There are 2 protein chains.
Amino acid sequence: MTVSGWNLDSDQMCPQRLVLEHVTSRWGVLALIALEERSHRFSELRRALGRVSEKMLTQTLQTLERDGLVHRDAKPVIPPRVDYSLTDLGREAAEQVRALAAWTERRMDDVHKARAAYDEARS
Amino acid sequence: MTVSGWNLDSDQMCPQRLVLEHVTSRWGVLALIALEERSHRFSELRRALGRVSEKMLTQTLQTLERDGLVHRDAKPVIPPRVDYSLTDLGREAAEQVRALAAWTERRMDDVHKARAAYDEARS
DNA sequence: CGGTATCCAAAAGGATACTG
DNA sequence: CAGTATCCTTTTGGATACCG
């Protein structure tokens, strides 16, 4: 992989860059990891993700659904019930971001040490 | 991996989440991929990354340096010459983000199809 | 319950001018 | 050349109110 092809062209990102932003976005990462474990209702996801606003969760899920990563199953009952789950594509995406997340977790100690050394050298 | 531990606590993200944001940031991704190939001078990186402002490139490189992913070598010459390269930790990070980037590239067709179907169903 | 619409505050990002 | 400092625009995110 080269950096060319991931550049911005005039006034716009390359399309794969947008997908990368969707899956690594603040709530996208958490939604994918939560949904990898099991399907969730909207309100379950809200609780699982902590302090996400309705607007941001809706926006995140719609983006991931549009990209074909998340499946939305709205049951026609009252009160409404909507279940979210991963598609096969979404499961692949979740594995990728989980791998990246796991790496940051594994190396967090090294990062902390590096930061301490960096800050020390400048104080 | 569970989603707990990646939540926000009160008014702040968990630390590994910040590292993930650094390496997946707009310019962080491109800088890591460019530096994985070879070390670059500041101005070389500016050109390689396309249309990044000096401010954002500086900020990105400082963040990655502080996290211990990038090595900054400022030679005491006139005019100044500063070379950036990856540390061992940074090389690991670059491999991870490149894997994720490669996945989005591989699956871009599926995403496009999903988007077309999504948009079609709503028009 | 699971959203949408609107408004507003905060943060990110960039253009420009300047410096060692 | 490789930054820093300042200002300003754009984007993001959340709070609130309302709807089917």
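Every value quoted in this text rests on a predicted model; they were computed, and no experiment measured them. Below, chains carry the letters A, B, ... as their sequence lines are ordered, and counting in each starts from 1.
The side chain of Gln62(B) places an N or O atom within less than 4.0 Å of a non-bridging phosphate oxygen (OP1 or OP2) of dT4(D). Contact annotation: Arg51(A) does not reach the phosphate of dG14(D) (side-chain N/O to OP1 or OP2, under 4.0 Å). A close approach under 4.0 Å does occur between a side-chain nitrogen or oxygen of Tyr84(B) and OP1 or OP2 of dG3(D).
Contact of the Asp67(B) side chain with the Leu18(B) side chain is not registered, since no non-hydrogen atoms from C-beta on lie closer than 4.5 Å. Considering only heavy atoms from C-beta on, Asp88(A) stays 4.5 Å or farther from Glu92(A) through its side chain. With contacts defined as side-chain heavy-atom distances shorter than 4.5 Å, the pair Gln62(A)/Arg72(A) does not qualify. Between Phe42(B) and Thr58(B), the closest side-chain pair of non-hydrogen atoms falls below 4.5 Å.
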For this session: Quick one: do Glu21(A) and Arg17(A) satisfy salt bridge (Lys or Arg N to Asp or Glu O under 4.0 Å)? Show the steps, please.
Result: CA-CA 6 Å; Glu21(A) 300 224 323; Arg17(A) 180 52 208 256; 2.9 Å; yes
Problem set entry | Evaluation steps, side-chain contact (heavy atoms from CB on, under 4.5 Å), between Leu100(A) and Thr24(B) | CA-CA 10 Å; Leu100(A) 183 53; Thr24(B) 62; 3.7 Å; yes
For this session: Go through the steps to decide whether Glu105(B) and Trp6(A) satisfy the test side chain to side chain donor-acceptor pair (under 3.5 Å), and finish with yes or no.
Result: CA-CA 10 Å; Glu105(B) 211 151 66; Trp6(A) 283 82; 3.2 Å; yes
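The stretch residues 35-43 of chain A has no heavy atom under 4.0 Å from DNA chain D, so no residue of it qualifies as close.
Of the candidates Leu86(B), Thr63(B), Leu64(B), Leu35(B), Leu64(B) is the only one forming a side-chain contact (heavy atoms from CB on, under 4.5 Å) with Leu69(B).
Comparing Arg72(A) and Glu54(B) by the nucleotide of DNA chain C that holds the closest heavy atom to each, the one mapping nearer the 5' end is Arg72(A). Along DNA chain C, the nucleotide nearest Pro80(A) and the nucleotide nearest Thr58(A) are compared for position; the residue whose nucleotide lies closer to the 5' end is Pro80(A).
Remark: Arg122(A) is positioned above the aromatic ring of Tyr118(A), its terminal NZ or CZ atom under 6.0 angstrom from the ring centre and at most 45 degrees off the axis.
When the C1' atom of dG20(D) is taken as reference, atom CZ of Arg81(A) falls 19 Å away, rounded to whole Å. Atom CG of Leu45(A) is separated from atom C1' of dC1(C) by 14 Å (rounded to the nearest Å). Residue Leu57(B) contributes atom CG, which lies 14 Å from atom C1' of dT4(D) at whole-angstrom precision. Distance CD1 (Ile78(A)) to P (dC19(D)): 17 Å, rounded to an integer number of Å.
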Please list each protein N or O that sits under 3.5 Å from an N or O in nucleotides 7-13 of chain D, with the distance.
from    : atom 1 : to       : atom 2 : distance (Å)
dG13(D) : O3'    : Arg26(A) : NH1    : 3.4
dG13(D) : N7     : Lys55(A) : NZ     : 3.4

